[in-house]
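Read the structure below first, then the notes.
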Amino acid sequence: MRVGIGYDAHKLIPGKGMYLGGVFFECDYSIEAFSDGDVIIHALIDSLLGAAALGDIGSLFPSKDTENKDISSTLLLNQVIDLLDSKNYKVINVDITLIAETPKISGKTDPIINSLSKSLRVEKNCISCKATTTDGLGFEGERKGIACQTISLIEKKD
């Protein structure tokens with residue numbers, strides 16, 4: 001078994017919502033990013049790639065590549081799972097912690113888990129998704145940014 005840790009953060013800007021874990025959340029903010037800026041999936045990709053020692057999201061999907069402009073992070077995650085599959089790895093479980101004042105995802109994590117379980121090719125009970133605030137501290141607390149940490153466990157297939 002192999003474990004990987006991922007982290008991502010993006011600037012918040014006034015807007016109409018954002019993608020988190022492949023699900024659109026309406027709110028008064030959007031994420032400033034080259035792709036769709038889905039911090040959950042970006043952190044998840046880094047934790048999966050780290051677990052398999054396959055680099056990071058920036059090396060696989062560089063922001064200098066115009067094909068990645070406004071790309072769906074779910075599409076990127078599907079490509080990473082295909083890569084892991086080609087290396088004979090499977091996902092065992094993932095643990096996700098969103099760090100944000102907004103949007104509130106408490107009570108709304110089921111759609112994220114449903115979306116990610118399809119991409120990760122795992123049962124829903126293999127995904128933990130939760131959120132925390134910083135009680136007004138730091139860029140997340142001041143609603144200047146949003147962040148996510150993930151841990152992924154993978155293993156070689158039989």
Side-chain angles (χ1 to χ4, degrees), residues 1-12 17-25 31-100 103-134 138-140 145-158:
M1 287 199 211
R2 300 173 64 109
V3 67
I5 299 171
Y7 174 83
D8 192 44
H10 282 284
K11 181 179 179 179
L12 288 178
M18 64 191 76
Y19 281 93
L20 296 170
V23 177
F24 190 77
F25 284 81
I31 294 175
E32 186 174 89
F34 189 76
S35 67
D36 67 7
D38 190 325
V39 294
I40 289 177
I41 291 181
H42 292 184
L44 184 55
I45 286 172
D46 269 348
S47 68
L48 292 166
L49 292 172
L54 294 172
D56 61 29
I57 192 170
S59 62
L60 248 55
F61 309 109
S63 57
K64 293 180 181 179
D65 185 343
T66 55
E67 288 185 22
N68 296 328
K69 179 70 175 140
D70 298 322
I71 195 166
S72 163
S73 295
T74 299
L75 178 63
L76 301 179
L77 178 58
N78 291 339
Q79 291 178 34
V80 168
I81 294 302
D82 287 342
L83 175 62
L84 290 177
D85 190 49
S86 75
K87 302 289 184 184
N88 212 29
Y89 286 112
K90 67 178 180 178
V91 176
I92 302 303
N93 73 295
V94 299
D95 186 19
I96 300 161
T97 303
L98 180 70
I99 307 158
K104 300 291 186 197
I105 68 165
S106 177
K108 301 176 186 174
T109 56
D110 284 347
I112 293 173
I113 291 169
N114 289 339
S115 174
L116 293 177
S117 71
K118 291 174 188 161
S119 292
L120 296 173
R121 303 173 194 156
V122 299
E123 297 294 322
K124 295 175 200 174
N125 66 357
C126 297
I127 301 169
S128 170
C129 181
K130 58 204 174 303
T132 189
T133 68
T134 61
F139 68 87
E140 300 99 339
I146 189 170
C148 185
Q149 296 179 336
T150 63
I151 298 175
S152 296
L153 184 64
I154 65 172
E155 72 177 358
K156 284 283 189 178
K157 296 177 191 174
D158 293 331

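What you see is a predicted model, and the numbers here were worked out from it, not measured in a lab. The chain is numbered in sequence order, starting from 1.
Here Cys126 contributes atom SG and Asp95 contributes atom CG; the two are 12.5 Å apart, rounded to the nearest 0.5 Å. Separation of atoms NZ (Lys69) and NZ (Lys64) is listed at 15.5 Å; rounding is to 0.5 Å. Remark: Ile71 CD1 to Leu76 CG distance equals 4.5 Å, nearest 0.5 Å. Rounding to the nearest 0.5 Å gives a distance of 10.0 Å between CG of Leu84 and NZ of Lys156. Here the straight-line distance linking atom CD1 of Ile99 with atom OH of Tyr7 works out to 6.0 Å at 0.5 Å rounding. Going from atom CD of Glu32 over to atom NE2 of His10 covers 10.0 Å, rounded to the nearest 0.5 Å.
Judged purely by distance below 3.5 Å, without hydrogens or angles, the side chains of Ser35 and Asn68 never pair a donor atom with an acceptor atom.
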| message | Evaluate Thr150 against Ile45 for side-chain contact (heavy atoms from CB on, under 4.5 Å), listing each step before the verdict. | response | CA-CA 9 Å; Thr150 63; Ile45 286 172; over 6 Å; no
| request: For Ile105 and Cys129, run side-chain contact (heavy atoms from CB on, under 4.5 Å): C-alpha distance rounded to whole Å, both residues' side-chain angles, the deciding distance at 0.1 Å, then the answer. | output: CA-CA 9 Å; Ile105 68 165; Cys129 181; 4.2 Å; yes
| said: For a side-chain contact (heavy atoms from CB on, under 4.5 Å) check, start with the C-alpha distance between Thr133 and Lys104, then their side-chain angles and the critical distance, and finish with the verdict. | reply: CA-CA 9 Å; Thr133 68; Lys104 300 291 186 197; 3.5 Å; yes
| Should Ile96 and Thr109 be marked as a side-chain contact (heavy atoms from CB on, under 4.5 Å) after you check the CA-CA gap, both sets of side-chain angles, and the distance that decides it? | CA-CA 11 Å; Ile96 300 161; Thr109 56; over 6 Å; no
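Classification of Asp82 and Arg121 as a salt-bridged pair holds, one side-chain N sitting under 4.0 Å from a carboxylate O.
Nearest approach of Leu153 to Met1, heavy atoms of both residues: CD2-SD, 3.6 Å. Closest approach of Gly37 and Ile31 over heavy atoms only: O-CD1, 3.2 Å. When all heavy atoms of Leu77 and Leu120 are compared, the pair lying nearest together is CD1-CD2, 4.1 Å. Smallest separation of non-hydrogen atoms from Ser115 and Val23: CB-CG2, 4.2 Å. Of all the heavy atoms in Ile154 and Leu48, the pair that sits closest is CG2-CD2, 4.0 Å. When all heavy atoms of Thr66 and Phe34 are compared, the pair lying nearest together is CA-CZ, 4.4 Å.
Within the 4.5 Å cutoff, the side chain of Leu12 has heavy atoms near those of the Met18 side chain. Considering only heavy atoms from C-beta on, Val80 comes within 4.5 Å of Phe61 through its side chain. Between Phe25 and Ile112, some side-chain heavy-atom pair lies under the 4.5 Å cut-off. When side chains are defined from C-beta on, Leu116 counts as touching Ile40, because their heavy atoms get closer than 4.5 Å.
When atom types are taken as modelled, the side chain of Lys130 and the backbone of Leu98 share no donor-acceptor pair closer than 3.5 angstrom. The closest donor-acceptor contact from the side chain of Ser47 to the backbone of Leu44 lies under 3.5 Å. With hydrogens and angles ignored, the 3.5 Å screen pairs a side-chain donor or acceptor of Arg2 with a backbone N or O of Ala51. The backbone N or O of Asp46 lies less than 3.5 Å from no partner atom in the side chain of Asp56, so there is not a single donor-acceptor pair. In this structure, the side chain of Asp8 does not engage the main chain of Cys148 through any donor-acceptor pair within 3.5 Å.
Annotation for Lys87: atom NZ does not count as buried by contact number, only 12 or fewer foreign heavy atoms lying within 6.0 Å.
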